[in-house]
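Quick note: numbers below take in every heavy atom, side chains included, and nothing from hydrogens, waters or symmetry partners.
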Protein chains: 2
Amino acid sequence: MRPLFHPAIEDVRPEAILHALADPSRAAIFAKIMQAGCVEACSAVSAVGDRVIPKSSLSNHFKVLREAGLIRSERHGVEVRNHSRWIEVEARFPGLLAGIINAYASDVGPDLRAAETSTSR
Amino acid sequence: MRPLFHPAIEDVRPEAILHALADPSRAAIFAKIMQAGCVEACSAVSAVGDRVIPKSSLSNHFKVLREAGLIRSERHGVEVRNHSRWIEVEARFPGLLAGIINAYASDVGPDLRAAETSTSR
DNA sequence: CCGTTAGTTCCGAAGTTCCGAACTATGGGT
DNA sequence: ACCCATAGTTCGGAACTTCGGAACTAACGG
């Protein structure tokens, strides 16, 4: 098993961050890692919304987030702990993550409201 | 030729914006449209940096930006004028575009200084 | 040393992107 | 009215990416 690769913060590219967070599942995973005190085992995120994510896809999502420089992953025995790199990324690209996370947060609200109120569609 | 489709601002999704701007060429095109007084003919963006973009790819880039809700395109005779929808998008997702554009702007500087000669992705 | 749990790798199917070539639409010149 | 030039779009195939099931590896507990 290869050691987990993490880019140095100065090698982190905006397009990689946008690409990583352009997937709603990954954005949700990243948001969850931040909320949950910046630590989370991969398997704690077995589903996003009502959708179950297969292990292999999950593994890949974490890899994309890691290689984009958004999270730091450490093996602890049999499991992997993921920390958000928010502080570093914020220092390098101020306002970027806040803007993205807020955008998703303010989008989910209206969407859920609309979907729930229009039961007969 | 089909009329150009523009999503209503409330139908604009964060993932579409991130996906559109996750491509550095598109981000550069969008930044240019905003700088240039919010109006620009497609062909005025024939190249990004030192890279020439084929017409068909350009057409597709503008389509992606338009359908993400980032620009508004109007046919004026033989050409198409593109306006940024910054104000609308800013109202819906405050800070999102500023964060992204700043991230690219602050990335190009270091990149040009250090790695423009040997960057490979 | 075997079983279990957590994650990774492999690989084929499905989807997306890129770009050259052919096409359409508009306006100007004669 | 016609043709030509210019500006964009559409088509289609090759190259690339993503998804997910099955097989694999790694660490720990009995």
Side-chain angles (χ1 to χ4, degrees), chain A residues 1-6 13 15-30 32-33 36 39-68 71-83, chain B residues 1-6 13 15-30 32-33 36 39-68 71-83 120-121:
Chain A
M1 230 174 233
R2 268 191 249 96
L4 302 166
F5 171 75
H6 296 88
R13 331 230 71 236
E15 60 265 39
I17 292 181
L18 296 199
H19 174 249
L21 296 179
D23 182 315
S25 309
R26 276 191 304 252
I29 290 169
F30 180 63
K32 206 175 174 190
I33 288 173
V39 181
E40 184 96 1
C42 290
S43 58
V45 195
S46 56
V48 168
D50 53 355
R51 182 164 150 60
V52 174
I53 302 181
K55 273 172 29 149
S56 56
S57 306
L58 248 194
S59 180
N60 188 53
H61 285 330
F62 277 97
K63 185 180 171 208
V64 171
L65 290 171
R66 193 189 322 120
E67 297 189 346
I71 62 174
R72 195 174 289 282
S73 309
E74 295 165 15
R75 288 186 209 285
H76 273 260
V78 80
E79 67 181 24
V80 175
R81 307 257 179 86
N82 297 285
H83 303 243
Chain B
M1 229 174 238
R2 268 191 248 97
L4 301 167
F5 171 73
H6 297 88
R13 329 233 69 232
E15 60 265 40
I17 292 181
L18 297 200
H19 174 250
L21 296 179
D23 182 314
S25 308
R26 274 190 306 252
I29 291 169
F30 180 64
K32 205 174 176 191
I33 289 173
V39 181
E40 185 96 2
C42 290
S43 58
V45 195
S46 56
V48 168
D50 53 354
R51 182 165 149 63
V52 174
I53 301 182
K55 272 177 23 154
S56 56
S57 306
L58 250 193
S59 180
N60 188 53
H61 285 330
F62 276 98
K63 185 181 171 207
V64 172
L65 290 171
R66 193 189 321 123
E67 297 188 349
I71 62 174
R72 195 173 289 282
S73 309
E74 295 164 15
R75 288 187 210 285
H76 273 261
V78 79
E79 73 185 15
V80 174
R81 309 254 180 88
N82 297 285
H83 303 244
S120 50
R121 241 184 300 146

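Using a 4.0 Å cut-off between a side-chain N of Lys or Arg and a carboxylate O of Asp or Glu, B/Glu79 and B/Arg81 qualify as a salt bridge.
Listed by chain and number, the residues in a side-chain hydrogen bond (donor to acceptor under 3.5 Å, both in side chains) with A/Glu67 amount to none (sequence neighbours excluded).
Rounded to an integer number of Å, the gap from CZ of B/Arg75 to P of D/dA7 is 15 Å. Rounded to a whole Å, the CD atom of A/Glu67 is 13 Å from the C1' atom of C/dT8. Summarising the geometry, the separation between NZ on B/Lys55 and C1' on C/dA25 is reported as 12 Å, rounded to the nearest angstrom. In this entry the distance linking NZ of A/Lys63 with P of C/dT9 reads 7 Å, nearest Å. Protein atom CD of B/Glu79 is 14 Å distant from nucleotide atom P of C/dT26, rounded to whole Å. What separates CG of B/Leu4 from P of C/dT24 is a distance of 18 Å, to the nearest Å. Rounded to an integer number of Å, the gap from A/Asn82 CG to C/dA6 C1' is 12 Å. Taking atom CD1 on A/Ile71 and atom P on C/dG7, their separation rounds to 12 Å, with Å as the unit.
When every heavy atom of B/Arg75 is checked against every heavy atom of B/Leu4, the shortest pair comes out as NH2-CD2, 3.7 Å. Smallest separation of non-hydrogen atoms from A/Ala16 and A/Ala68: O-CB, 3.6 Å.
Phosphate proximity of D/dG8 to B/Arg81: absent, as no side-chain N or O sits under 4.0 Å from OP1 or OP2.
Both A/Gly77 and B/Ser59 sit near DNA chain D, but only B/Ser59 has its closest nucleotide nearer the 5' end.
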Pairs: protein N or O with nucleotides 15-20 of chain D N or O, under 3.5 Å:
from: D/dT18; atom 1: OP1; to: A/His19; atom 2: NE2; distance (Å): 2.8
from: D/dG20; atom 1: OP1; to: A/Arg51; atom 2: NH2; distance (Å): 3.1
from: D/dG20; atom 1: OP2; to: A/Ser57; atom 2: OG; distance (Å): 3.0
from: D/dG20; atom 1: N7; to: A/Ser56; atom 2: OG; distance (Å): 3.2

May I have the list of side-chain donor-acceptor pairs in residues 51-65 of chain B shorter than 3.5 Å, sequence neighbours left out?
from: B/His61; atom 1: ND1; to: B/Arg26; atom 2: NH1; distance (Å): 3.3

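A distance of 10.5 Å separates CG in B/Asp23 from NE2 in A/His19, rounded to the nearest 0.5 Å.
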